[in-house]
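Right, one structure below, let's go through it.
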There are 2 protein chains.
Amino acid sequence: MKAQELHGHLDALLLAVLEQGALHGYAIIEALRARSDGSLDLPTGTIYPALRRLERAGHVASTWSTVSGRERRTYELTDPGRQALAGERAGWREFQLTVGRFLGPDNPPTPA
Amino acid sequence: MKAQELHGHLDALLLAVLEQGALHGYAIIEALRARSDGSLDLPTGTIYPALRRLERAGHVASTWSTVSGRERRTYELTDPGRQALAGERAGWREFQLTVGRFLGPDNPPTPA
DNA sequence: CTTCATGCGTAGCTACGCTACTTGTCAGAC
DNA sequence: GTCTGACAAGTAGCGTAGCTACGCATGAAG
């Protein structure tokens, strides 16, 4: 899948992944890959800046920890983040309906 | 609807609109607005360059005409364009499924 | 001791949609 | 007679945001 299409939807995906529990950056990348059956294999240069954006926006909060000598930055959803996620879900639904009206498989507006 | 989300899907929308018949730029903008119930109100600075891109790619062909003193550039889908549209449709379906797995309304993977 | 998985991060690039603008015709208002 | 606004095309420059390609460090495996 061409990942450029994610433009504007990545933040929502990250929030959705964190909805199930706090994760550190690397684990988020793996979670996205796993839950999408490999379709979403996003590079760190995409994920880390995006997480910083979300933290600046107050949608996630991060805490450092050290696991077997390795530094980890674990992110968790905040309450505003949860609200934002709800908004993103609604936005996604509208987007899906609108675009689907043009690209849906059963969309011919002048069929018969 | 935030139109920035269109990133990467605009070409597909334009092809889909032209699938129903040739249109000139201005009419395409109106068609998008009409078929989306006003959700997609795209500025000329978005549409015209996009149509040029599609023409360079060989997905549409344009012909000039003059209607009551006004110059019109009418675009129509080419055969490669039709194939491209089919590909975009498949891509959209995959994209929709993948993102929907995270943002769908009934997606909690660890519900009970 | 070298390689690979884990883990974080940034600099610079590029694609692409948007804002704001210009040019021009024609219809209708004033 | 002039002016506003719909119609119709177009470009220049901007900003956003994801990507490529790096660099750094630790620990396990060969």
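Model, not experiment: these values are computed from the prediction. In what follows, chains are A, B, ... by sequence order, proteins preceding strands, each numbered from 1.
Between B:Arg33 atom CZ and D:dA8 atom C1' there is a gap of 13 Å when expressed in whole angstrom units. Atom CD1 in B:Ile28 sits about 11 Å away from atom P in D:dG10, given to the nearest Å. What separates CG of A:Leu23 from C1' of C:dC8 is a distance of 16 Å, to the nearest Å. Rounded to an integer number of Å, the gap from CD of B:Glu30 to P of D:dA8 is 7 Å. In this structure, CG of B:Leu32 is placed 12 Å from P of C:dG17, rounded to the nearest angstrom. One interatomic measurement links the two molecules: CG of A:Asp41 to C1' of D:dG18, which rounds to 14 Å at whole-angstrom precision. In this structure, B:His9 places its NE2 atom 13 Å from C1' of C:dC16, rounding to the nearest Å. Atom C1' of nucleotide C:dC4 and atom OH of A:Tyr26 are separated by 10 Å, given to the nearest angstrom.
Among residue pairs with one or both ends in residues 43-52 of chain A, none qualify as salt bridge (charged side-chain N to carboxylate O under 4.0 Å, His left out); sequence neighbours excluded. Pairs engaging residues 9-32 of chain B under the ring pair (Phe, Tyr, Trp, His ring centres under 6.0 Å) rule: A:Phe95-B:His9, B:His9-B:Trp92, B:His9-B:Phe95 [sequence neighbours left out]. Residue pairs meeting the salt bridge (charged side-chain N to carboxylate O under 4.0 Å, His left out) criterion with at least one member in residues 56-71 of chain B, sequence neighbours excluded, do not occur.
A distance of 6.0 Å separates CG in A:Leu32 from CG in A:Leu14, rounded to the nearest 0.5 Å.
Under the side-chain contact (heavy atoms from CB on, under 4.5 Å) criterion, A:Ser62 pairs with A:Glu55, A:Arg73, A:Tyr75, sequence neighbours left out. Partners of B:Arg93 by salt bridge (charged side-chain N to carboxylate O under 4.0 Å, His left out), not counting sequence neighbours: none found. Shown here are the side-chain contact (heavy atoms from CB on, under 4.5 Å) partners of A:Thr44, two or more places apart in sequence or in another chain: A:Ile29, A:Tyr48.
The stretch residues 64-75 of chain B touches DNA chain C through B:Ser68, B:Gly69, B:Arg70, each having a heavy atom under 4.0 angstrom from the strand. Residues from residues 43-52 of chain B that place a heavy atom under 4.0 Å from any atom of DNA chain C, listed by number: B:Pro43, B:Gly45, B:Thr46.
Residue B:His24 places at least one side-chain N or O closer than 4.0 Å to OP1 or OP2 of D:dA8.
For A:His7, counting side-chain heavy atoms from C-beta on, the closest listed nucleotide (D:dC7, D:dG18, C:dC18) is D:dG18.
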Using distance only, find each side-chain donor-acceptor pair of residues 76-83 of chain A under 3.5 Å and give its atom names and separation, not counting sequence neighbours.
residue: A:Thr78; atom: OG1; partner: A:Gly58; partner atom: O; Å: 2.7
residue: A:Thr78; atom: OG1; partner: A:His59; partner atom: O; Å: 3.1
residue: A:Thr78; atom: OG1; partner: A:Gly81; partner atom: N; Å: 3.1
residue: A:Arg82; atom: NH2; partner: A:Leu77; partner atom: O; Å: 3.4

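The side-chain contact (heavy atoms from CB on, under 4.5 Å) with A:Leu42 is formed by just one residue from the set A:Leu13, A:Ile28, A:Ile47; it is A:Ile47.
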